[in-house]
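Presented below is the structure to which this report refers.
Heads up: numbering here begins at 1 and tracks the sequence.
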Amino acid sequence: VQLQASGGGLVQAGGSLRLSCAASKRTFNNYAMGWFRQAPGKEREFVAAINWSGSTTYYADSVKVRSTISRDNAKNTVYLQMNSLKPEDTAVYYCAATYRGATMKDYGYDYWGQGTQVTVSS
């Protein structure tokens, strides 16, 4: 499955962004999806994940109250709504897919998108 992330950009602290990740595969609803991010000089870290139906979600503590992951299986797309953005949210955001169930571990994902840059200015 090919993943195309979009929606990143430059935003002021306190602002919002909605990231999108479009999947190429018609069996998109067989995959759990995740969002990860990597800031310069730092390791990639988990942000959020959602199971195949959208009934179960997981969040990193750093974004939990500020973010919502959702999916539209009819559109083969997963979203990450991020509010009250902080400069420490600045990173490249990657979406990922797995057929083995939603997980917070990056090694649990089989397919990765190319990433979209999010920059939050103070």
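Note that CZ of Arg66 and OG of Ser84 are 7.0 Å apart. Values are rounded to the nearest 0.5 Å. Residue Leu3 holds its CG atom at 12.5 Å from OG of Ser20, rounded to the nearest 0.5 Å.
Checking side-chain atoms of Asn76 against main-chain N and O of Ala22 turns up no donor-acceptor pair under 3.5 Å. A donor-acceptor pair is defined here as one N or O able to donate and one able to accept, closer than 3.5 Å; such a pair exists between the side chain of Thr116 and the backbone of Gly8. Between the side chain of Thr119 and the backbone N or O of Thr90 there is no donor-acceptor pair closer than 3.5 Å.
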Verdict with reasoning, Ser70 to Val78, per side chain to side chain contact (heavy atoms under 4.5 Å, CB included)
CA-CA 6 Å; Ser70 61; Val78 63; over 6 Å; no
Audit row: Asp110, Arg100, side chain to side chain contact (heavy atoms under 4.5 Å, CB included) steps and yes/no
CA-CA 9 Å; Asp110 307 290; Arg100 289 173 284 175; 2.6 Å; yes
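Within a 6.0 Å sphere centred on CD of Gln2, other residues, nucleotides and ligands contribute 12 heavy atoms or fewer.
Between Ala32 and Ala102 the shortest heavy-atom distance is CB-N, 3.3 Å. Minimum heavy-atom separation, Gln81 to Ser16: NE2-CB, 3.8 Å. Residue Ala91 comes nearest to Ala39 through the heavy atom pair CB-N, 3.8 Å, listed as atom of the first residue, atom of the second, then distance.
Within the 4.5 Å cutoff, no side-chain heavy atoms of Ser6 are placed close to those of Leu19. Between Tyr111 and Val1 the shortest side-chain heavy-atom distance falls below 4.5 Å. At a threshold of 4.5 Å between non-hydrogen side-chain atoms, the residues Ile50 and Tyr58 do not count as touching. Arg18 is not listed as a side-chain neighbour of Met82, based on a closest heavy-atom distance of 4.5 Å or more. Within the 4.5 Å cutoff, the side chain of Phe46 has no heavy atoms near those of the Trp35 side chain. A 4.5 Å side-chain heavy-atom check between Thr98 and Tyr31 finds every atom pair outside the cut-off.
For the pair Arg37 and Tyr93, the NZ or CZ position fails the cation-pi test of under 6.0 Å to the six-membered ring centre and within 45 degrees of the ring normal. Judged by the 6.0 Å distance and 45° axis criteria, Arg71 is not positioned over the aromatic ring of Trp52.
Under the 4.0 Å criterion applied to side-chain N and carboxylate O atoms, Asp89 and Lys86 are not assigned as salt-bridge partners.
Partner Leu17 forms a side-chain contact (heavy atoms from CB on, under 4.5 Å) with one of Leu10, Asn83, Leu80, Val118 and no other, that one being Val118.
A donor-acceptor pair shorter than 3.5 Å cannot be found between the side chains of Thr77 and Asp72.
Note: Tyr94 and Trp112 have perpendicular aromatic rings, judged against thresholds of 30 and 60 degrees for the angle between ring planes.
Residues Phe36 and Met33 do not share a hydrophobic cluster, clusters being chains of Ile/Leu/Val/Met/Phe/Trp/Tyr side chains in contact below 4.5 Å. Connection of Tyr79 to Val92 is not established within any shared hydrophobic cluster, with ILVMFWY side chains joined at heavy-atom distances below 4.5 Å, either directly or through further cluster members.
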